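All figures in this text were calculated on a predicted structure; none of them were measured in a lab. Numbered from 1 within each chain, the chains take letters A, B, ... in sequence-line order.
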Amino acid sequence: MKNLVIVESPAKAKTIGGFLGENFLVKSCYGHVRDLSKTNLGVDIERNFHPIYEVQADKKAVISELKKISGKVDMVWLATDEDREGEAISWHLAESLGLSDNRYRRIAFHEITRKAIENAISNPRSIDMDLVNAQQARRVLDRIVGFELSPVLWKKVKPSLSAGRVQSVAVRLIVEREKEIQQFKTLAAFKVAAIFDVIHMGATHRIKAELPGKFDTKQEAKAFLSLCNGALFTVQKSEVKPAKKSPAPPFTTSTLQQEASRKLGFSVARTMAVAQRLYESGKITYMRTDSVNLSDTAMQLAKEEINRLYGPKYSKPRQFATKTKGAQEAHEAIRPVYLNSHEASDDPSEQKLYELIWKRTIASQMADASIERTQVTIGISSHSEKFVAVGEVLLFDGFLKVYLESSDEDEEATGEILPPMKVGQELHMQEITATERFSKHPARYTEASLVKKLEELGIGRPSTYAPIINTIQKRDYVLKDNRPGEKREYDYLVLKNKKITETKKSENIGQEKNKLFPTDIGIVVTTFLLEHFSPIMDYHFTASVEKEFDEIATGKKVWNKVLHEFYEPFHTQIVQTLTHTEKFSGERLLGTDPQTGKNMYARLGKFGPMVQTGDAEDSEKPRFASLKKDQSLDTITLEQALDLFKLPRKVGLILEKEVVASTGRFGPYLRFEEKFYSIPRTEDPLTITLERAKEIIAEKQEKDKNKIIKEFESNPQIKILMGRWGAYLWADGENYKLPKTQKPEDFSLKDCLNIIKGGTSTKKSRTTKVKTSRKKG
DNA sequence: CAGTGAGCGAGCTTCCGCTTGACTT
């Protein structure tokens, strides 16, 4: 072997290995190989922000293998991605493999074709140190922000919290959207629509027309309907306008995540996992990309496929320009490797995602759709307002034959075909309706719409969108959740047969599925960071530092100087906040307790969100109660807070012993004679009666009686019990699985001892995380 | 997964961006 080629991805290594001859060995380094030391800050600020690098623990084996091979070859070709991070990886490789300048060459290609690779090999260059320095600046800045800001949170808000250039802004977006929704004032107005009969060639066509404006009140809407009663309706204008629709560009990571979410209901993480499998099996190109570019080969293949399937009329090859802020375009757009292949996998998820990618790619190379829009204006003899009917005729479907991008907003109903109407023609009115419509608050973010917003702001990279979503949920700043929605009544007026009837209708509103909600911790942390570190929290912070990084990359600025300029004010603010601010808990005064006259607060406590009566300075100690799962610090009322203190509550006496109702980690419960009895979640411990309590206790006691299947006189520490999922072995507080080989009652004490000796207790293997911060409501 | 309903306190937590791999009854 004379040559070693190093790329980032193993799947890429495999493909390229096939293109190059026997003199080339292609290996992968699996992304970054060195990173800042994790033990400390990893940056020596005194020495001009000198980074302290270490080979990452999981890359030691990779590096030692590459080192061994590189010692034996004539030339090492560093073929990492051609972007800022890729350039840095090449530099780290050269450094950690100890390659002298004449032992390696830097090459790069943007598409994986034989031609592109041969071209790269014949045009080698040296490592671009300006670009590497831009990456070092990015890396060091992120480390400083994260590792100086997080400890401030530990001291001033709560231990173990985190903050960073990307995650803190992502959380801010969700927090502020929730605030907008809370402050949103719903406005009602009446929308008027009419149905007319049009007679054309002896047949009656029903058309729908709308009044462009709205009425603020029911009275006005009603008055309008009265005016229409008996009026004449005449066509005043009929306009025909041609229009065209163009296809969307091929997929990038972000647009793939959005469409897979809307069309297939995939989470961002699932989209990436499925795409990874398609990539590894050679069905699609690389899935982490910000480019909409297609290779010449791909465009040629698409053209042939479109010609074959739909005919040349449908083909329109085109290249799209990337508009994304900060795009680095190291790869192609996400597309099928073979555009003439329609099947990619037996796995339904993979196949569905593949079809989506296939359609999007093919559609992007197809002709525009042409449409004819008709707008008919209908005058009212008794009023100056006019009805408008809109019709749409698809003259040529073009790319719509294959694919239409969906949108986050509700789709406007597209017009239907209108029968021909002449100016002056009188129309017969069937009915006119006035429907009360309400303004809608801004939509909560979904995973995918958050990714879209982050991309617009230039925050995060294709490889990090899915991890960001994961991080902010793991840190308990954000919760992906559903809300049931509620009924709302609205007024509906109809003018028909010269009569106006008024009815109430109801609709379901506010239902949410898989939406992102901020948690109390998320809100408190965001408020704190905004107050003390507004420059980092600025939505344009990333974009403005990116501009600096670009200037480093083009040699106009020196990287450590850029860092110095950032660090000076930032660090001053860190010190300032640590020394001069109190602990922050997002405290909110709810009012006073009517019984004691003491202040009541809602705030974030050591164990999560809670309410408090009385102040710490009072002679009597304050009382505390945790919030329920569906309550939040921002919205809890004095009444709800008072309810929280009503538990535990004395329900009454059974046989002169007290029964107490309360809510615990696992929901509402009763306590009687030192034992616990769960109350079904549908019932309320605040109102449960003694009668009902007796029932629940009796039921559980009956069940417990039947619980013991077998006991051993010689060893009372071993029992066979009946649990929710069948029989199991209990031994001194630990539980063991019983083999299904015989009936539970047939096990002997010796059998049991053997199971204990050989088996592992289920308690120890438990991996479920127990949340302690909140009671479930 | 097998019933559960606490709360010491020392020591640790944390960033973003590249890339896949692999703890089991």
Side-chain angles (χ1 to χ4, degrees), chain A residues 7-13 28-36 38 40-43 56 58-59 62 80-81 83-89 92 135 138-155 158-168 273 276-277 279-280 286 288 328 330 459-465 467-468 471 475 536 542 606-607 648 660 662-671 674-678 700 704 707 721-730 733-739 759-763 765-768 770 772-773 775-776:
Chain A
V7 295
E8 292 182 40
S9 149
K12 203 172 177 178
S28 141
C29 69
Y30 298 85
H32 274 295
V33 292
R34 287 203 314 184
D35 192 19
L36 297 174
K38 268 187 180 39
N40 269 317
L41 185 63
V43 179
Q56 291 152 235
D58 57 335
K59 297 294 164 55
V62 174
T80 54
D81 297 347
D83 58 14
R84 199 165 66 201
E85 298 297 325
E87 201 68 18
I89 292 173
H92 281 298
Q135 193 275 345
R138 198 280 305 156
R139 181 66 192 94
V140 170
L141 181 131
D142 281 338
R143 171 55 70 85
I144 289 173
V145 170
F147 276 39
E148 289 209 2
L149 216 43
S150 300
V152 176
L153 293 179
W154 306 343
K155 292 197 182 78
K158 207 170 164 279
S160 298
L161 295 172
S162 66
R165 171 177 62 82
V166 171
Q167 60 168 282
S168 296
Q276 176 88 31
R277 293 204 297 270
Y279 166 66
E280 282 172 9
Y286 196 56
R288 292 187 272 263
Q328 310 217 357
I459 299 172
R461 304 276 311 125
S463 67
T464 62
Y465 295 136
I468 291 166
T471 302
R475 295 255 169 275
I536 304 290
T542 291
K606 196 175 169 191
F607 302 117
V660 175
S662 191
T663 301
R665 272 164 60 198
F666 310 104
Y669 67 93
L670 294 165
R671 200 167 60 199
E674 302 301 304
K675 279 193 170 161
F676 295 92
Y677 303 86
S678 285
K700 171 88 188 316
D704 281 352
K707 194 177 148 183
L721 303 175
M722 178 54 84
R724 276 164 74 192
W725 286 274
Y728 66 98
L729 172 61
W730 179 93
E734 305 251 321
N735 300 314
Y736 299 84
K737 205 172 188 170
L738 281 177
T760 44
S761 127
T762 43
K763 205 172 200 170
S765 62
R766 237 164 63 157
T767 50
T768 41
V770 180
T772 55
S773 56
K775 292 180 186 177
K776 285 182 183 167

Interatomic distance, A/Tyr669 OH vs B/dT4 P [rounded to whole Å]: 12 Å
Select one nucleotide: of B/dC18, B/dT20, B/dC15, the one nearest the side-chain heavy atoms of A/Gln167. B/dC15
Under 4.0 Å between a Lys/Arg side-chain N and an Asp/Glu carboxylate O for A/Asp35 and A/Lys59? no
B/dA2 to B/dT25 separation - C1' atoms, rounded to the nearest Å: 14 Å
Base, sugar-phosphate or nothing for A/Ser28? Non-hydrogen atoms, less than 4.0 Å. nothing
Name the closest nucleotide to the A/Pro10 side chain, picking from B/dC15, B/dC16, B/dT20. B/dT20
B/dT19, OP1 or OP2 - any side-chain N/O from A/Tyr286 closer than 4.0 Å? yes
Integer-rounded Å distance: B/dC16 P and A/Asp142 CG: 6 Å
Roughly, in whole Å, what's the span from CH2 in A/Trp154 to P in B/dA10? 18 Å
Among the nucleotides B/dT20, B/dT14, B/dT19, whichever has the atom closest to the side chain of A/Glu280 is B/dT20
Please give the distance between the P atoms of B/dT24 and B/dC1 as a whole number of Å. 15 Å
Within this structure, what is the NE2-to-C1' distance between A/His92 and B/dC18, rounded to whole angstrom? 11 Å
Which one of A/His92, A/Arg84, A/Glu87, A/Glu85 satisfies the side-chain hydrogen bond (donor to acceptor under 3.5 Å, both in side chains) criterion with A/Gln135? A/Glu85
Using a heavy-atom cut-off of 4.0 Å across all strands, would you classify A/Val145 as base, sugar-phosphate, or nothing? nothing
Does B/dG17 have OP1 or OP2 sitting under 4.0 Å from an N or O in the side chain of A/Ser463? no
Check every strand shown and say whether A/Gly31 touches a base, only sugar-phosphate, or nothing at a heavy-atom separation below 4.0 Å. base
Would you please say whether a donor-acceptor pair under 3.5 Å links the side chains of A/Tyr279 and A/Ser9? yes
Confirm from the modelled atom types if A/Arg143 and B/dC16 form a donor-acceptor pair under 3.5 Å, side chain to base only. no
Regarding A/Ala163, tell me which of base, sugar-phosphate or nothing describes its non-hydrogen contacts under 4.0 Å with the strands shown. sugar-phosphate
Return yes if a side-chain donor-acceptor contact under 3.5 Å exists between A/Ser162 and A/Gln167, otherwise no. yes
Scan A/Pro467 against the nucleic acid and name what it touches under 4.0 Å (heavy atoms): base, sugar-phosphate only, or nothing. nothing
Quick check for you: among B/dT13, B/dG21, B/dT14, whose closest atom lies nearest to any side-chain atom of A/Ser162? B/dT14
Using only modelled atom types and a 3.5 angstrom limit, is any donor from either the side chain of A/Ser160 or the base of B/dT13 paired with an acceptor on the other? yes
Considering just the side-chain nitrogens and oxygens of A/Arg475, establish if one lies under 4.0 Å of OP1 or OP2 belonging to B/dC15. yes
Side-chain N or O of A/Thr464 less than 4.0 angstrom from OP1 or OP2 on B/dG17? yes
Sticking with atom C1', work out how far B/dG9 lies from B/dT13, rounded to a whole angstrom. 15 Å
How long is the line joining CZ of A/Arg138 and P of B/dG17, in whole Å? 6 Å
Polar side chain donor-acceptor pair, A/Arg165 to A/Thr542, under 3.5 angstrom: yes
Donor/acceptor link under 3.5 angstrom from A/Ser662 side chain onto base of B/dG5: no
Look at A/Arg288 and B/dT20 and indicate whether a side-chain polar atom (N or O) is within less than 4.0 Å of OP1 or OP2. yes
Charged N to carboxylate O below 4.0 Å: is that the case for A/Asp81 and A/Arg288? no
Assert: residue with more 5' nearest nucleotide on DNA chain B, out of A/Arg671 and A/Tyr279, is A/Arg671
Quick test of the criterion, 5.5 Å between centres and less than 30° between planes. Is A/Tyr30 stacked on B/dC18 or not? no
Counting the atoms with a prime plus P, OP1 and OP2 as sugar-phosphate, which does A/Gly86 contact under 4.0 Å by heavy atoms, base, sugar-phosphate, or nothing? nothing
I want to check one thing: is the phosphate of B/dG17, taken as OP1 and OP2, less than 4.0 Å away from some side-chain N or O of A/Gln135? no
Rounded to the nearest angstrom, tell me the gap between atom NZ in A/Lys155 and atom C1' in B/dC12. 12 Å
Between P on B/dG17 and CG on A/Asp35, what's the gap in Å once rounded to a whole number? 12 Å
Please work out if A/Glu148 contacts a base, only the sugar-phosphate, or nothing of the nucleic acid, heavy-atom cut-off 4.0 Å. nothing
At less than 4.0 Å, is any side-chain N or O atom of A/Arg139 found next to OP1 or OP2 of B/dG17? Yes or no. no
Grab the CG-P distance between A/Leu36 and B/dC16 for me, whole Å please. 13 Å
When we call it a touch if two heavy atoms are under 4.0 Å apart, what does A/Tyr677 touch: a base, just sugar-phosphate, or nothing? nothing
So, OP1 or OP2 of B/dT19: does either fall under 4.0 Å of a side-chain N or O from A/Ser9? no
Please lay out, stage by stage, how A/Leu161 and A/Arg475 fare under the test side-chain contact (heavy atoms from CB on, under 4.5 Å). CA-CA 7 Å; A/Leu161 295 172; A/Arg475 295 255 169 275; over 6 Å; no
Would you mind classifying the nucleic acid contact of A/Asp58 as base, sugar-phosphate or nothing, using non-hydrogen atoms under 4.0 angstrom? nothing
Tell me if a side-chain donor or acceptor on A/Thr464 pairs with a main-chain N or O of A/Gly460 at a distance below 3.5 Å. no
